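To keep things clear, I will list the structure first and then write my remarks on it.
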There are 2 protein chains.
Amino acid sequence: MRSAATPVPVQRVIEEFSRLPGVGPKSASRLAFFLLRSKGDQTEALANALLEMKQRTRFCSTCFNITIDELDPCAVCRDEQRSPHLLCVVEDPLDVIALDRVGLYKGKYHVLHGALSPVDGIGPEDLKIKELLSRVQQGAFKEVIIATNPNLSGQATAMYLNQHLMQLGVKVTRPAQGLPVGGDLEYADETTLARALEGRQSM
Amino acid sequence: MRSAATPVPVQRVIEEFSRLPGVGPKSASRLAFFLLRSKGDQTEALANALLEMKQRTRFCSTCFNITIDELDPCAVCRDEQRSPHLLCVVEDPLDVIALDRVGLYKGKYHVLHGALSPVDGIGPEDLKIKELLSRVQQGAFKEVIIATNPNLSGQATAMYLNQHLMQLGVKVTRPAQGLPVGGDLEYADETTLARALEGRQSM
């Protein structure tokens, strides 16, 4: 998208936007020119929010979710309303948001920051697994829910974690797999349908 | 997407990303968490590029395309390789980039910053039309190509401009409308097909 008609400062913004996931060069130009035309201080607001996010946040040293610098352990880890006996293991901070939105889960979290994937060279030492095992070893947790994604690497990670967690004498569970609510049975893939049948429950 | 598990600085970034066109709350979260995880100074690079773009750019006082503060009139307006007799009128700076990429056009530009749209309350005084007419009145231009978008408001703008430009004794043209190259005739809409037939040329 380089063009003599585009000044360098605008080209730099387009390039930086293009580096974001799911933003191609055309969308990046559109975003840059949208901000150029925007009234008020929208551009500054975005820039300052980005800088503040980078400067003021860190990973919680207990659960490895995102927290602000002044609050480590994070708000969820400190929350005494949440059960100290229940731990939910997820791949990503975004998964914590998704689960928290449901509002049903009232235990603690542990963020792995990825899933095992030998193909991509991601092994146990690249994830927060050692930290998870040492948290569980301290003995407060009675159940660990492994909520890694229901895909190949998520399943592999769950199986790996299960092997190690079982030795610590803790109950290990995994969220149910089956038909998504509101979905169509005829459009469900074979594996999902198989899981739904295997996991059938009496009405 | 507000959640107790998301620190305020991250929520602010998500909100600012959500205000961009085509970025929904889910993509905004994904972008924020991508940047949180990014190695190096990608977040700062984006933030600083945004601030510099806002601080160092302005609209060219001649053609109203984007230029840097130190360069007004802009590089295109100053470029003596470009014909001083040919003017291309577009709605947006992005249109200048698109035309410039083709590399065929070697005249000057004039950016209207929008198109006439009574429904949205956009009249002639909201666009750089007065400035266009005064540029043409100065007499150097022999042909004005009205390259506003081939849609309702773009066509209305072209007709409005044509009425006023004709009185200034300048030749007014509009880019050809017809079948897009590489497209399928059977998928062309009726209006496009009608224009393609009307504008047919001998082989």
Side-chain angles (χ1 to χ4, degrees), chain A residues 1-10 12-17 19-23 27 29-38 41-57 59 65-68 71 74-76 79 92-94 96-101 109 113, chain B residues 1-10 12-17 19-23 27 29-38 41-57 59 65-68 71 74-76 79 92-94 96-101 109 113:
Chain A
M1 296 291 282
R2 280 194 174 271
S3 152
T6 316
V8 175
V10 183
R12 267 192 58 209
V13 169
I14 295 174
E15 278 158 27
E16 288 298 333
F17 271 135
R19 292 172 64 193
L20 298 177
V23 182
S27 327
S29 306
R30 228 175 295 128
L31 293 178
F33 282 94
F34 170 84
L35 286 173
L36 272 172
R37 259 199 311 261
S38 67
D41 60 349
Q42 187 170 356
T43 310
E44 286 93 336
L46 174 58
N48 292 332
L50 287 166
L51 290 174
E52 200 189 302
M53 177 176 84
K54 196 70 182 182
Q55 284 153 8
R56 285 196 53 212
T57 59
F59 292 126
N65 194 7
I66 310 244
T67 185
I68 43 174
L71 201 68
C74 72
V76 173
D79 189 347
D92 263 331
L94 278 172
V96 176
I97 298 183
L99 284 165
D100 233 52
R101 229 180 1 235
Y109 289 103
H113 288 277
Chain B
M1 295 294 279
R2 280 196 173 269
S3 152
T6 318
V8 175
V10 183
R12 269 191 58 209
V13 168
I14 294 174
E15 277 158 28
E16 288 299 333
F17 271 136
R19 292 172 64 193
L20 298 176
V23 182
S27 327
S29 305
R30 228 173 295 127
L31 293 178
F33 283 94
F34 170 83
L35 285 174
L36 271 172
R37 258 197 311 259
S38 66
D41 61 349
Q42 187 170 355
T43 311
E44 286 93 336
L46 173 58
N48 292 332
L50 286 166
L51 291 174
E52 199 190 301
M53 177 176 84
K54 195 69 181 182
Q55 283 152 8
R56 284 195 53 211
T57 59
F59 292 126
N65 195 4
I66 309 242
T67 184
I68 43 174
L71 201 70
C74 72
V76 173
D79 188 347
D92 262 332
L94 278 172
V96 175
I97 298 183
L99 284 165
D100 232 53
R101 228 180 2 233
Y109 288 103
H113 288 277

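The structure displayed is predicted, hence computed values, not measured ones. Each chain gets a letter, A, B and so on, in the order its sequence line appears, and its residues count up from 1. Worth knowing before you read on, the calculation uses all heavy atoms, side chains too, and leaves out hydrogens, waters and symmetry mates.
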Separation between CG (B/Leu50) and CZ (A/Arg12), nearest 0.5 Å, reads 9.5 Å
For chain B, find which of A/Thr67, A/Leu71, A/Val23, A/Leu36 contributes the most heavy-atom pairs closer than 4.5 angstrom.
A/Leu36
Approximate separation, where rounding is to 0.5 Å, of A/Glu16 CD and B/Met53 CE:
12.0 Å
Proximity breakdown for A/Ser38 and chain B, heavy-atom pairs closer than 4.5 Å
both
Identify whether the distance between the nearest side-chain nitrogen and carboxylate oxygen of A/Arg37 and B/Asp92 falls below 4.0 Å.
yes
Chain B shares the most heavy-atom pairs under 4.5 Å, among A/Leu20, A/Val10, A/Ile68, with A/Leu20
Relative to chain B, which segment of A/Gln42 carries a heavy atom at a distance below 4.5 Å: side chain, backbone, both, or neither?
both
Shortest non-hydrogen contact between A/Pro7 and B/Ile66, atoms and distance:
CG-O, 3.5 Å
Pick from A/Glu44, A/Arg19, A/Glu52: which one has the most heavy-atom pairs with chain B under 4.5 Å?
A/Arg19
